[in-house]
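Proteins get letters first, then strands, A, B, ... in listed order; numbering begins at 1 in each.
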Number of protein chains: 2
Amino acid sequence: MVTLAEVAQHAGVSASTVSYVLSGKRSISATTRQRVEESIRKLGYHPNAGARALASSRSNIIALMVPLRTDMYVPVMMEIAVAVASAARAYGYDILLLTGEEGPDAVRRVTGSGLADAMILMDVELDDERLPLLRGTHQPSVLIGLPADTEGLTCVDLDFRATGALCVEHLAELGHRDIAVIGEAPAVYERHTGFAERTLDGLRTRARELDLRLLHRPCEAGYDAVAATLARVFDERPDTTGFVVQNESALEPLLALLRRWGRAVPEDVSVVAVCPEQVATQASVRLTSVALPAQEMGRRAVEHLVAKLDGRGSDEVVLLAPELTVRASSGPAPARP
Amino acid sequence: MVTLAEVAQHAGVSASTVSYVLSGKRSISATTRQRVEESIRKLGYHPNAGARALASSRSNIIALMVPLRTDMYVPVMMEIAVAVASAARAYGYDILLLTGEEGPDAVRRVTGSGLADAMILMDVELDDERLPLLRGTHQPSVLIGLPADTEGLTCVDLDFRATGALCVEHLAELGHRDIAVIGEAPAVYERHTGFAERTLDGLRTRARELDLRLLHRPCEAGYDAVAATLARVFDERPDTTGFVVQNESALEPLLALLRRWGRAVPEDVSVVAVCPEQVATQASVRLTSVALPAQEMGRRAVEHLVAKLDGRGSDEVVLLAPELTVRASSGPAPARP
DNA sequence: AGCAGCCATTGAAGCGCTTCGACGATTGCT
DNA sequence: AGCAATCGTCGAAGCGCTTCAATGGCTGCT
């Protein structure tokens with residue numbers, strides 16, 4: 001294993017000079033720099049991460065806590081995680097992957113041990129038990145998601161309240177009066193996940209303002225669960241003509257079931273989805289949807305974190321404005337009988 | 001920040017004693033141990049990861065290289081990643097998340113810097129460019145996937161060749177003579193991904209042995225792509241009654257399209273999928289399938305890696321035996337006209 | 001010519017931990 | 001009772017790096 005000292009010797013300079021060449025924290029003459037860089041290349045030198053972390057108390061690692069749950073739509077999480085990893089690398093950081101399993105202990109462990117310089121938390125609940133810990137430490141962190149109290153926190157998230165409102169407005173403009181919301185699995189609401197509750201709030205508020213009737217039904221994944229939910233919806237509100245779906249795994253079953261019920265999309269019923277663009281465009285009907293900007297959220301989270309680590313940036317709540325794209329799954333409400 | 005020395009002082013012992021209490025590498029009297037543990041708890045001490053890594057040249061981190069690609073079915077990857085993370089934690093290791101982006105450089109960087117003690121590589125190609133590097137280093141590694149040449153490597157994977165054979169056998173037993181394979185996206189084959197090619201090989205070999213006609217069509221994700229593929233299949237081989245699908249995102253569209261073509265499942269055509277159990281049971285038809293044991297693969301990979309890190313274990317290729325579960329999507333071939 | 005100021009470079013201290021050899025105190029043996 | 005082996009604890013060295021104060025050689029000014 002090649003060390004700094006060996007590089008220094010090979011280049012005929014002192015160890016500190018090599019260090020300064022590497023970090024650029026002091027000016028180095030062009031000739032020396034070149035000689036050092038040459039030696040580094042020749043010897044195949046890589047700075048030792050542990051030693052560097054010890055001496056500088058900087059690990060250049062960002063911890064990312066992803067949920068372990070199986071009741072969430074995983075691809076979105078994965079997409080965010082990958083975006084975070086890519087963005088972090090661009091700033092010279094690596095990603096430490098923590099699963100939700102350990103819960104708050106993971107936060108303690110990571111901040112306590114200096115394993116990571118900062119944290120990104122996903123799958124935030126409204127009253128998340130990890131938040132007090134984050135507030136109590138000086139380690140920078142960013143949440144992807146929005147808890148109830150954002151005091152002293154930096155959050156990045158899609159504006160799900162506005163998303164809900166936007167979906168309702170779209171359907172209202174098309175003349176729909178009875179709207180059903182096919183939501184995430186019940187467990188997601190039971191643990192008060194921020195995004196789910198906020199969307200619901202946006203939906204309900206706007207529906208009330210526009211004097212629409214709104215039915216919300218959580219829905220497990222799987223064809224049968226969707227079938228049961230849909231049957232219940234048409235049973236309780238036969239006049240339902242508008243659907244808002246915030247549950248990617250329910251989308252394709254729903255479209256299939258609507259066909260089976262003899263309801264044409266978009267002539268008889270309209271469907272608006274909250275899902276990644278890819279899902280919306282690859283479904284059996286090209287879906288009118290509000291995009292879930294996974295990449296952007298991941299990127300923004302990293303940018304804010306890096307800003308904090310560099311002493312720039314402050315606590316801030318970044319809500320990305322939702323954008324609704326009209327595709328083939330929504331149209332004017334059918335004339336009332 | 002609390003240090004070892006402070007704990008030692010608080011407990012009235014030397015620093016090395018505290019270290020030995022933590023590592024258990026020397027015997028410590030019960031009373032001393034208790035006193036030290038008490039101090040650790042009281043002061044909220046967490047060992048500094050960097051210092052530990054420097055002194056012991058062990059980071060207790062395993063690097064996991066996941067593909068960045070979008071043409072693969074992500075949930076499986078995610079499931080493996082999460083299983084790896086959980087299993088690793090159980091052995092006291094954390095996971096460093098590397099995206100495929102950096103390619104071989106990431107391997108160099110991680111092994112060179114001592115950032116991680118070992119690596120797990122996913123999405124292995126038959127002739128992967130990262131392999132020479134792994135063979136050239138003394139750092140333990142495990143592949144999830146199977147390259148062409150496994151000399152000097154440890155691999156964990158589902159036996160995809162046997163998987164292919166199993167699917168063909170099942171359909172053959174039911175009397176199907178014309179079988180179509182709906183495969184992964186063309187790009188997956190173009191870069192010679194191990195699992196895709198091996199499955200195909202298993203399918204073809206067994207089909208030849210059993211004297212069946214086999215048609216293989218790669219297929220992009222998305223309803224339209226599946227529609228085009230299916231149309232082509234029925235055009236080229238109108239007598240096709242058996243489908244093997246190794247492309248999770250094509251499953252639901254395929255089932256919907258078969259209905260549209262007026263082919264009942266399983267009365268007119270049988271479908272065998274290679275996919276996670278969850279997908280098979282939640283589809284609109286409960287699918288006969290060979291399970292993709294993501295959890296088990298992740299777990300096994302970690303176990304082998306830990307064994308290597310402990311000086312136990314050796315290079316080995318672990319091929320998990322495929323298991324075919326018969327569900328509602330396969331049945332006897334219809335009588336020939 | 002003489003001095004201030006700057007630039008490039010260095011030596012040394014120290015980051016917090018592990019680990020090795022050493023040492024006194026027990027213990028078990030003859 | 002006397003000696004060897006064992007046990008529990010300690011001090012010190014050192015892991016590979018960063019960083020600070022210090023140094024010497026310049027340049028440019030008066």
Participant: Taking N or O atoms only and anything under 3.5 Å, show me the protein contacts with nucleotides 24-27 of chain D, one pair per line.
Facilitator:
none

Participant: Run the salt-bridge test on B:R109 and A:D94 with the 4.0 Å N-O cut-off and return the result as yes or no.
Facilitator: yes
Participant: Residues from residues 28-44 of chain B sitting under 4.0 Å of DNA chain C, heavy atoms only?
Facilitator: none
Participant: Can you find a heavy atom in the side chain of B:P140 that is under 4.5 Å from one in the side chain of B:L309?
Facilitator: yes
Participant: Can you check whether A:T3's main-chain N or O pairs, donor with acceptor, with A:E6's side chain at less than 3.5 Å?
Facilitator: yes
Participant: Is B:D123 paired with B:R191 through a side-chain N to carboxylate O contact shorter than 4.0 Å?
Facilitator: yes
Participant: Please produce a list of atom pairs where a protein N or O lies less than 3.5 Å from an N or O of nucleotides 20-23 of chain D.
Facilitator:
from   : atom 1 : to    : atom 2 : distance (Å)
D:dC20 : N4     : A:Y20 : OH     : 2.6
D:dA21 : N6     : A:R26 : NH1    : 2.5
D:dA21 : N6     : A:R26 : NH2    : 3.4

Participant: Any side-chain N or O of A:K25 under 4.0 Å from OP1/OP2 of D:dT18?
Facilitator: no
Participant: So, does A:R35 use its side chain to make a donor-acceptor pair with the main chain of A:A11 at under 3.5 Å?
Facilitator: yes
Participant: For the residue pair B:L22 and B:Y45, establish whether any side-chain heavy-atom pair is separated by less than 4.5 Å.
Facilitator: yes
Participant: Hey, is B:E101 close enough to A:R89 for a salt bridge, meaning N to O under 4.0 Å?
Facilitator: no
Participant: Please state how far atom CG in A:L54 lies from atom C1' in D:dT18, giving the value in whole angstrom units.
Facilitator: 10 Å
Participant: If we count only N and O atoms by modelled type, under 3.5 Å, do the side chains of A:S14 and A:T17 hold a donor and an acceptor together?
Facilitator: yes
Participant: Is a donor on one side and an acceptor on the other found under 3.5 Å between the side chain of B:T111 and the backbone of B:V107?
Facilitator: yes
Participant: More than 12 non-hydrogen atoms from neighbouring residues, nucleotides or ligands closer than 6.0 Å to CG on B:D127, yes or no?
Facilitator: no
Participant: Got a salt bridge between A:E38 and A:R41, using NZ or NE/NH1/NH2 to carboxylate O under 4.0 Å?
Facilitator: yes
Participant: Which is the 5'-most and which the 3'-most nucleotide of DNA chain C that has an atom under 4.0 Å from a heavy atom of chain A?
Facilitator: C:dA8 to C:dG16
Participant: So B:T3, base contact, sugar-phosphate only, or nothing? Heavy-atom distance under 4.0 Å.
Facilitator: sugar-phosphate
Participant: Show the numbers, then the answer: is there a side-chain contact (heavy atoms from CB on, under 4.5 Å) between B:L64 and B:I80?
Facilitator: CA-CA 10 Å; B:L64 174 70; B:I80 296 178; 5.8 Å; no
Participant: Just checking, is any N or O donor in the side chain of A:H192 or A:E197 under 3.5 Å from an acceptor N or O on the other one?
Facilitator: yes
Participant: Any side-chain N or O of B:S14 below 4.0 angstrom from OP1/OP2 of D:dC10?
Facilitator: yes
Participant: Can you confirm whether more than 12 heavy atoms, excluding those of A:E102, are under 6.0 Å from its CD atom?
Facilitator: yes
Participant: Over its full length, what angle do the end axes of the helix from C:dA1-D:dT30 to C:dT30-D:dA1 make, each axis taken from five pairs and the result rounded to 10 degrees?
Facilitator: 40°
Participant: Could you note down all residue pairs passing side-chain hydrogen bond (donor to acceptor under 3.5 Å, both in side chains) where residues 142-153 of chain B supplies at least one of them, sequence neighbours left out?
Facilitator: none
